[in-house]
Amino acid sequence: MSSYKLLLLPGDGIGPEVMGEVKKVIAWFNLHDIAHFETETGLVGGSAYDAHGEAISNADMDLAQSSDAVIFGAVGGPRWDDVPYDKRPEAGLLRLRKDMALYANLRPAIVYPALADASSLKRPLVEGLDLLILRELTGGVYFGQPKEITDLGNGQKRAVDTQVYETYEIDRIARIAFELARTRRNQVCSMEKHNVMISGVLWKEVVTATHKDGFQDVELSHMLADAGGMQLVRNPKQFDVIVTDNLFGDILSDVAAMLTGSLGMLPSASLGAADDKTGRRKALYEPVHGSAPDIAGKGLANPIAMIASFAMALRYSFGMVEWADKVDTAIAATLGKGFRTGDIMQAGMKQVGTAEMGDAVLAQLEAAG
Ligand code: IPM
Ligand code: MG
């Protein structure tokens, strides 16, 4: 039986609550000897800042680097609004992404049949939706230098963020987009703004060149990112894989998330380069949603995105594709049975809290497994 090391980073707000439900799923896999997951737990975000004045400690970074996968909850909250910029909760997540070189962020948006009416779009537009946003995660304006505010001395200040991309960064994310498309419906739409951004000109040029370099069987199209946002709410089913930069990917994935009815439904995987010798990739799995401080600690949070993120770990880190499918099916079946957390509640359905939802998914997994 394979044995894997997981680092759990529950973080802030609803993070620990939704992580609690994943822990049940992990324990279930261990109990049934399907795989052996060894877990350690660390601190990230505001909780790490409170404990040792940094958004993540070097010791927890070391644990992350040596783990087979990091399972991450959520960070942030109004309590830490006034901490120094480089120590804000989000800095912990950004350090994990950057230091582990997790450049490929997979954000699938799938509409579960039972939830098609929970979307803000009409059912026919979203029914059966299955698209994947592939977001570049370690470059662009998130990390480009300079990034600073300068005092101009005349009562004015100047703030600079830098959008920067090099050829290799665009090429490697484009390759992943084409490879993923081959396992799906074989279409990639690349989004940038080459009409106003010179980095967009290079982005489009490199994606086109990479496509010619062995991926011509995949259908490639290009769209300006603003038009892409519009098309995502006009006719989302036209898309299969969308590949885009760090900032556009942040925005477009929130839009895509809402198509599915709730931000509480969307998982994500952040992957690094494959190791030359082992073929293994460093990886972090996290829900797309944030720490939801308004409902934290009340047992109301939807754990589905977190559980589905663990399913992505089974799929992309541990080669347990069948088990990943079973977890996804268990989630769909739970929704099919009418279980709903508050964020996706509909008339006539059964409203449950975080733990009941986690138990219901586990019961479905047990029934199928
Ligand atoms: C996301 C989040 C993060 C981001 C924040 C928490 C730094 O919005 O993962 O989409 O902007 O990347
Ligand atoms: Mg975001």
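On a predicted model such as this, the values are computed, not experimentally measured, just so you know. All residue numbers refer to positions in the sequence shown, counting from 1. For ligands, and for the atoms within them, numbers begin at 1 and follow the listed sequence.
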Notebook entry, point to check: Within the structure, does Arg97 bring an N/O atom to less than 3.5 angstrom of an N/O atom in ligand 1?
Noted result: yes

Item checked: Under 3.5 Å: N/O of Glu90 near N/O of ligand 1 ->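 Among all N and O atoms of Glu90, none is under 3.5 Å from an N or O of ligand 1.
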
Check: What residue and atom, counting heavy atoms only, is the protein's closest point to atom 4 (C) of ligand 1, and at what distance?
Finding: Tyr142 OH, 3.3 Å

Checklist line | Nearest-contact summary for atom 8 (O) of ligand 1 - protein heavy atom, Å | finding: Asp250 OD1, 3.2 Å

Next item on the list: Return yes if a side-chain donor-acceptor contact under 3.5 Å exists between Arg184 and Asn186, otherwise no.
Entry: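 No, no side-chain donor-acceptor pair sits under 3.5 Å.
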
Next item on the list: Consider only side-chain N and O atoms of Asp245 and Gln163, and report whether a donor and an acceptor are under 3.5 Å apart.
Entry: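 Side chains of Asp245 and Gln163: pair found under 3.5 Å.
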
Notebook entry, point to check: Is there a donor-acceptor pair closer than 3.5 Å between any side-chain N or O of Asn105 and the backbone N or O of Ala269?
Noted result: yes

Notebook entry, point to check: If you leave out waters, which protein N, O or S atoms are less than 2.8 Å from the Mg ion (ligand 2)?
Noted result: Asp250 OD1

Next item on the list: Answer yes if the ring centres of Phe318 and Trp323 are under 6.0 angstrom apart, and no otherwise.
Entry: no

Only pairs under 3.5 Å count here: list side-chain donor-acceptor contacts from residues 94-104, not counting sequence neighbours, and write none if there are none.
unit_1 : atom_1 : unit_2 : atom_2 : d
Arg95  : NE     : Asp99  : OD2    : 3.0
Arg95  : NH1    : Asn58  : OD1    : 3.2
Arg95  : NH2    : Asn58  : OD1    : 2.9
Arg97  : NH2    : Glu286 : OE2    : 3.1
Lys98  : NZ     : Thr138 : O      : 2.7

Notebook entry, point to check: Tell me, which pairs form a ring pair (Phe, Tyr, Trp, His ring centres under 6.0 Å) where one or both residues lie in residues 228-287, sequence neighbours left out?
Noted result: none

Margin query: Within ligand 1, which atoms have a heavy atom of Arg107 less than 4.0 Å away?
Written below: 1 (C), 9 (O), 10 (O)

Anything under 3.5 Å between a donor and an acceptor, one on a side chain of residues 201-210, the other on a protein residue two or more places apart or in another chain? List them.
unit_1 : atom_1 : unit_2 : atom_2 : d
Trp203 : NE1    : Ser190 : OG     : 3.0
Thr208 : OG1    : Lys204 : O      : 2.7
Thr208 : OG1    : His222 : NE2    : 3.4
Thr210 : OG1    : Asp171 : OD1    : 2.7
Thr210 : OG1    : Val206 : O      : 2.9

Margin query: Closer than 4.0 angstrom, basic N to acidic O: yes or no for Arg182 and Glu179?
Written below: no

